[in-house]
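Scroll down for the structure; my scribbles are underneath it.
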Amino acid sequence: MQLVIGNKAYSTWSLRPWLVLKRCGAAFDEIVVPLNQPDTAARIAEHSPSGLVPALKVDGEVVWDSMAIAVWAAERYPEARLWPTDAHARWLARSAACEMHGGFTALRTVCSTGPQHWMIGPDRATAPVDAGLEKDVRRLVTLWRELRARFGAAGPYLFGEWSVPDAFFTPAACRFRHFQIDLAAHGDADGAAQAYADVLLAQPDFLQWEAEALADAGRA
Ligand SMILES: N[C@@H](CCC(=O)N[C@@H](CS)C(=O)NCC(=O)O)C(=O)O
């Protein structure tokens, strides 16, 4: 089984299924395609029908798109409990992960970096907080606070134990940290959303990704 990903310093989409597969204890090799290079598109096209990474090569098929890989993994590794076991929690976990997967365009465009910079590691920057970014940050803060308050009793993650939404929200936590977004200024009155973001950024698999990203980028 091979996971085709972009280089770890840049590819937040690749981070998500990588975290999911790690959580499953899956044995997989990485095929890393450096992004922002003249031959990037051609190299991705060797593996992925969509022309995008991530893609998972398994059992003679290619499963592409980060969410499709997470869904595949939940089927293949049911013992990993990638979605919450409680039905109501599971419905909302899927809604939250899909909302992140398909939305938050302002967050992803305003809080974005050029090819010489990345959101992993100690670098910090600022972003202009326009109306679109304000709306996205406030929505994420609200969502995280509500789900943590309702389902978070069993652990520090969004639904208590780690589940797929945590993979999909880890890049948002990276953006908040890198661009120094003060969640308290966007509705996080008692710091519950910030505490959740901190948990995502301290998760051991994420720390491994971050260390490898910095090493790849010559910053270790
Ligand atoms: N919806 C896709 C988005 C994937 C995506 O946009 N990947 C970017 C890299 S992070 C990509 O492959 N870009 C092509 C390129 O850089 O040439 C997913 O969830 O997997």
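When a ligand or atom number is given, it counts from 1 through the structure's own listing order. Here the structure is a predicted model, which is why all the values come from computation and not from measurement.
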> Quick one: is the NZ or CZ of R81 closer than 6.0 Å to the six-membered ring centre of W83, and within 45° of its axis?
Replying inline: no

> Where is the nearest protein heavy atom to atom 10 (S) of ligand 1: which residue, which atom, and how far?
Replying inline: S11 OG, 3.2 Å

> So which protein heavy atom does atom 11 (C) of ligand 1 come closest to, and at what separation?
Replying inline: L52 CD2, 3.5 Å

>> Counting only heavy atoms closer than 4.0 Å, does ligand 1 sit against the backbone of R16, its side chain, both, or neither?
In response: neither

> Heavy atom under 4.0 Å from ligand 1: found in T40's side chain, backbone, both, or neither?
Replying inline: side chain

> Is any side-chain N of the basic residue among K22 and E212 closer than 4.0 Å to the acidic one's carboxylate O?
Replying inline: no

>> Between D166 and R23 (salt bridge meaning N to carboxylate O under 4.0 Å), is one present in this structure?
In response: no

> Atoms of ligand 1 less than 4.0 Å from P54 heavy atoms?
Replying inline: 20 (O)

>> Heavy atom to atom 7 (N) of ligand 1, shortest distance: which of V4, I69, V53 holds it?
In response: V53

> Between L35, I5, D65, N7, which one has a non-hydrogen atom sitting closest to atom 16 (O) of ligand 1?
Replying inline: L35

> Does ligand 1 have an atom that lies less than 4.0 angstrom from a heavy atom of G6?
Replying inline: no

> Do F28 and W64 belong together in a cluster built from hydrophobic side chains that touch within less than 4.5 Å?
Replying inline: no

> Looking at V63, L3, D29, V4, which one forms a side chain to side chain contact (heavy atoms under 4.5 Å, CB included) with K57?
Replying inline: V4

>> Ring centroids only, cut at 6.0 angstrom: are W162 and F168 within range, meaning strictly under it?
In response: no

> Considering all heavy atoms of both residues, which atom of Y77 and which atom of M1 are nearest to each other, and what is their separation?
Replying inline: OH-CE, 3.6 Å

> Does S66 reach ligand 1 with a nitrogen or oxygen that is under 3.5 Å from one of the ligand's nitrogen or oxygen atoms?
Replying inline: yes

